[in-house]
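Here is the structure we will look at, set down as structure tokens.
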Amino acid sequence: MKENKSKLFKQRLFRIHAAVGILVSSFMYISIFFGVFTIFLPYIKTWEKPSRYIEDINIMNIDYNSMINEVLKNPDFPKDDILINLPGNMGDPAVVITHRFAKEQVFNPKTNEKINNETKEQTGLADFINHLHYGRPLKSIGMIFFGFIATATLALILTGLILIIKMKFKNKGKNQQSIFSKVHVKIFSWIFFPLILITLSGALMNVGLISAGPMSQIITKGEAKSIDAVVGTVLFAQNKASKKANKPAKMKDIKNLLIKAQEINPQLIFKQIKLVNWNDKNAQVEIIGYNPYKPFFNGGIFNKPTIILSAVNADLIKNQKVMDKVWTVFVAEIIFFLHFLFGIDIFSRVLIAVLMILSAIAIGFGTMLFLEKKAKKFDDKITFYHWIGKFSLASMIGIIPSIAMLFVLQWMLPFDLEDRLIWQQGIFYNIWLFTLFWSFYKINSYEVAKNFFFIGGLLFIISVMLHLIFLNIPILEFFNLSSIFTVDISLVLLGIILIYISEKLPKNRDEAKLFWTLKKQKDNK
């Protein structure tokens, strides 16, 4: 009796897992696909802005004071709580001086000259890809929808783990269906923990934050209208600034304060500087950094190790280390760390991107496993045609030439074109919609997939060629722009990989069956 109940439980759980999986798989894939590009968001943001083509420079050798003085010549710019983003912060090679109530001022750290920053209408490629990642183009509806997709993904991960433990998949089969199952199960078995953290934080941001306002009102009986009023004093605790003396004083060179801060805590990588009571006797400099030796516990939005120095005599006022916060801050930081990736280096980003690419591959193989089971109901001589397969083809593979075209349009469309961003995004949507039409129009899905991979790869390579033509600078000078050069090389490699995949894919179902049959025979020998 117990065996029958256990068997029935496994069957029902498996069916629920398969049904929910096929319903949300395409949307999970879309979010992860754009998420992979979002991981490299800082570098894409620099790549898309010609004003940011600046050679790397040591942050300790920059004359920040002259830039501050230039900014403060404007009487309308606020004189307190000025924030300086240092070169390298979020991949930006420029010095950005900003305030929440003023327009940011951008400087070249090598020449100290002010840079004419591109407008949002001219460059918005990176931000647009980021918005697609969590459904923002559809406003609140899209964000809530993707939040529920993330919630469903959490349920799929948990049910998948239970199935792996209960059913103990042996994965010894050599046919096409067995290989799909093996890849799907193995990948998610390896990466389920980081995927849970990333998915959980995504669900919290999309569903949790939208519902946080009403929930805060209910909890506080109408006293608080936002989540900040409830937990802000803990998660976003502010350093207490000294009272302004209203007595002018000479300020120390900020670069010298950075050198002293490095001596105080040599483990920190400095990202930002906050100027408090600037040009006053009680002026302070808050130097904010990231400790790469304690990942997951700092560098996000809740825990930022900070060194506070007097701007007049460089005396140490406070040295806030990574582990000085309360445990609730660490929990929030751990949950969101893998999603925001603030402060971490390129190698860590590549590692996270590989994990996400593996997730996308596992989703793809899970979808193919479902479709392969359905295909067995048809005559093998007939090419399988199923609307889920066609929709998945457009959403998972048709998305590749669509996003590649975004990169091409970044350098094809003139920067002074009116409504440039709308043209760029509109063409992207139309190409993606066309891939859906083409997927249904063509009977042979294998041929369509090969075409999408090839066109996507070719477009990524063309985008780099157009970029080099647009730059029109000597090749040796181009090599000095390390972050720009890295993006171009990455896009070319991506294009080559996609073209290689298109060449290796079978032309039709019969060729695919022959491949797996020959592989099985080879393995048996």
Side-chain angles (χ1 to χ4, degrees), residues 31-32 35 38-42 83 85-86 88-91 100 130 133-134 143 147 150-151 153-154 157 191-212 215-216 219 226-240 261 264-274 286-308 318-353 355-356 359:
S31 181
I32 290 174
T38 303
I39 290 171
F40 303 103
L41 192 71
L83 193 65
N85 290 330
L86 302 177
N89 182 36
M90 295 301 291
R100 59 179 178 172
N130 185 35
H133 166 58
Y134 61 94
M143 293 174 66
T151 306
T153 304
L154 284 173
I157 295 171
I191 65 171
F192 77 91
F193 182 69
L195 187 59
I196 283 177
L197 288 179
I198 294 170
T199 308
L200 175 62
S201 57
L204 287 173
M205 283 189 288
N206 276 36
V207 177
L209 292 181
I210 290 174
S211 60
M215 289 299 295
S216 300
I219 292 171
S226 66
I227 191 67
D228 288 350
V230 180
V231 299
T233 54
V234 177
L235 294 181
F236 301 100
Q238 299 293 315
N239 292 307
K240 291 184 179 179
I264 294 171
N265 193 340
Q267 292 184 333
L268 292 186
I269 299 173
F270 299 128
K271 299 294 180 181
Q272 291 179 317
I273 299 173
K274 185 178 181 181
E286 298 182 9
I287 303 173
I288 304 163
Y290 164 68
N291 189 335
Y293 301 99
K294 293 182 175 67
F296 290 95
F297 292 100
N298 79 121
I301 55 176
F302 306 110
N303 188 14
K304 298 180 180 180
T306 305
I307 296 172
I308 303 178
K318 185 177 181 181
N319 181 14
Q320 180 185 301
K321 299 179 181 178
V322 173
M323 307 309 292
D324 291 344
K325 293 284 188 175
V326 296
W327 68 270
T328 49
V329 173
F330 296 137
V331 172
E333 193 69 45
I334 289 169
I335 291 174
F336 287 95
F337 179 83
L338 287 177
H339 218 115
F340 285 107
L341 301 177
F342 288 146
I344 71 172
D345 54 64
I346 182 63
F347 300 104
S348 302
R349 289 179 183 272
V350 170
L351 178 61
I352 302 300
L355 292 177
M356 292 299 96
S359 299

Quick one: [atom1] on [X] to [atom2] on [Y], what's the gap to the nearest 0.5 Å?
| X | Y | atom1 | atom2 | result |
| --- | --- | --- | --- | --- |
| Lys294 | Asn303 | NZ | CG | 11.0 Å |
| Ile352 | Ile198 | CD1 | CD1 | 5.5 Å |
| Leu341 | Thr38 | CG | OG1 | 10.0 Å |
| Ile39 | Asn130 | CD1 | CG | 11.5 Å |

*Stepwise side-chain contact (heavy atoms from CB on, under 4.5 Å) test for Asn298 and Met323*: CA-CA 9 Å; Asn298 79 121; Met323 307 309 292; over 6 Å; no

*For the pair Leu83 and Lys274, evaluate side-chain contact (heavy atoms from CB on, under 4.5 Å) and give the outcome as yes or no after the intermediate values.*
CA-CA 5 Å; Leu83 193 65; Lys274 185 178 181 181; 4.1 Å; yes

Identify the heavy atoms of [X] and [Y] that sit nearest to each other, and give their distance.
| X | Y | answer |
| --- | --- | --- |
| Thr199 | Ala150 | CG2-O, 3.0 Å |
| Met90 | Pro42 | O-CB, 2.7 Å |
| Phe302 | Glu333 | N-OE1, 3.2 Å |

Mind checking whether [X] and [Y] have side chains closer than 4.5 Å, heavy atoms only?
| X | Y | result |
| --- | --- | --- |
| Ile269 | Pro292 | yes |
| Leu204 | Phe336 | yes |
| Ser359 | Phe192 | no |
| Leu197 | His339 | no |
| Gln320 | Lys325 | yes |

Partners passing side-chain contact (heavy atoms from CB on, under 4.5 Å) against [X] (at least two apart in sequence or in another chain):
| X | answer |
| --- | --- |
| Ile264 | Lys260, Ile307, Leu309, Leu316, Asn319 |
| Thr151 | Ala203 |
| Tyr293 | Gln267, Asn291 |
| Ile288 | Gln272, Lys304, Thr306 |

*Could you walk me through whether Phe297 and Val329 pass the side-chain contact (heavy atoms from CB on, under 4.5 Å) check?*
CA-CA 8 Å; Phe297 292 100; Val329 173; over 6 Å; no

Not counting sequence neighbours, which residues clear ring-ring contact (aromatic ring centres under 6.0 Å, His included) with [X]? List them please.
| X | result |
| --- | --- |
| Phe270 | none |
| Tyr134 | none |
| Phe296 | Phe337 |

*asked:* Leu200 vs Leu154, test: side-chain contact (heavy atoms from CB on, under 4.5 Å). Steps then yes/no.
replied: CA-CA 7 Å; Leu200 175 62; Leu154 284 173; 4.1 Å; yes

*Taking the side chain from Asp324 and the backbone from Lys321, do they hold a donor-acceptor pair closer than 3.5 Å?*
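Confirmed, Asp324 side chain pairs with Lys321 backbone.
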
